Amino acid sequence: MQSVGNSKSSSSSSRQSKGGFSMFRISGLGMAVFITAFLVAVIFAANKNDVVGWIVAIIALFWLLLASFVVFSIQKAAKKAGAKLTEAQNAFNSAAGRAPSSGSADHGGTRLVRERGEAEEIRDLKLDHSLKIVQVQVRVVEKERAKGDSADQDTIHRALETIEITATNARDMIKSSGGADEPVSGTIVD
């Protein structure tokens, strides 16, 4: 039992009880069916007092025990998996320099600024990658154009298409982060 004054433990307890309650609801219905089948088989076997009825009751008991084993095994595995997931999240958060999610003392402003900074950093990495793709494709086009008449036009077309798609994706990243939405204009130089 946890103390009332400890807000961290009571909040984690309520999360665990919700998960356990939903698992209980799901497994409880199936268990109720098996228990009912077992009880009905035992009652009919006792009333008629024949061997077939007792065999059916034993089979129903077997299925009830099997279902109980499966339900409790799954619940135990789910608890272990949840604990490992929480442990992994805390390890990831501490490795990334963030406070653990369950007991974070960071409320509001500074957390939002840090998340924006991380989002901008990720966007910058994606844009850098997009520009590297464009540079590689430009080299492909230059290499093919250097071949003269024996240049593979399909390779050039694919490279130009890749450049166009990459540029469109990069502009979409900039737009979604609040950048200007201006049409592209300029002079084409041959």
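Note that the coordinates shown come from a computational prediction; the quantities given were computed from them, not determined experimentally.
- Put simply, CD1 on I163 and CD on Q135 are 10.5 Å apart, with the number rounded to the nearest 0.5 Å.
- Residue F62 is grouped with residue V51 when hydrophobic side chains (ILVMFWY) are merged at heavy-atom distances under 4.5 angstrom, including chains of intermediate members.
- When every heavy atom of A57 is checked against every heavy atom of A41, the shortest pair comes out as CA-CB, 3.7 Å.
- With rounding to the nearest 0.5 Å, the separation of CG in L160 from CD1 in I165 is 11.0 Å.
- Annotation: side chain of R145 is not in contact with side chain of E142 (no heavy-atom distance under 4.5 Å).
- Residues I35 and V33 are members of separate hydrophobic clusters, defined by side-chain heavy-atom contacts under 4.5 angstrom among Ile, Leu, Val, Met, Phe, Trp and Tyr.
- Atom CG of L64 is separated from atom CD1 of I59 by 13.5 Å, given to the nearest 0.5 angstrom.
- Under the salt bridge (charged side-chain N to carboxylate O under 4.0 Å, His left out) criterion, K143 pairs with no residue at all, not counting sequence neighbours.
- Atoms CG and CZ, on L65 and F34 in that order, are 11.0 Å from each other to the nearest 0.5 Å.
- When the side chains of ILVMFWY residues are joined at heavy-atom separations under 4.5 Å, either directly or via intervening members, V56 and I43 end up in two distinct hydrophobic clusters.
- A continuous path of Ile, Leu, Val, Met, Phe, Trp and Tyr side chains, each step under 4.5 Å between heavy atoms, connects I55 with L61, placing both in one hydrophobic cluster.
- Taking a cutoff of 4.0 Å between a charged side-chain nitrogen and a carboxylate oxygen, E144 and K147 qualify as a salt bridge.
- With contacts defined as side-chain heavy-atom distances shorter than 4.5 Å, the pair K76/S73 does not qualify.
- Between V140 and A159, the closest heavy-atom pair is CG1-CB, 4.1 Å.
- Criterion: ILVMFWY side-chain heavy atoms under 4.5 Å apart, direct or through other members. Under it, W63 and F38 are part of a common hydrophobic cluster.
- For the pair D128 and D124, the minimum side-chain heavy-atom distance is 4.5 Å or more.
- The shortest side-chain heavy-atom distance between V134 and Q137 does not fall under the 4.5 Å cut-off.
- Applying the side chain to side chain contact (heavy atoms under 4.5 Å, CB included) test between H129 and each of I133, L125, L127, L131 identifies I133 as the sole match.
- Under the side chain to side chain donor-acceptor pair (under 3.5 Å) criterion, K126 pairs with no residue at all, not counting sequence neighbours.
- Applying the salt bridge (charged side-chain N to carboxylate O under 4.0 Å, His left out) test to D152 and every residue at least two apart in sequence or in another chain returns nothing.
- A distance of 9.0 Å separates OG in S130 from CD1 in I174, rounded to the nearest 0.5 Å.
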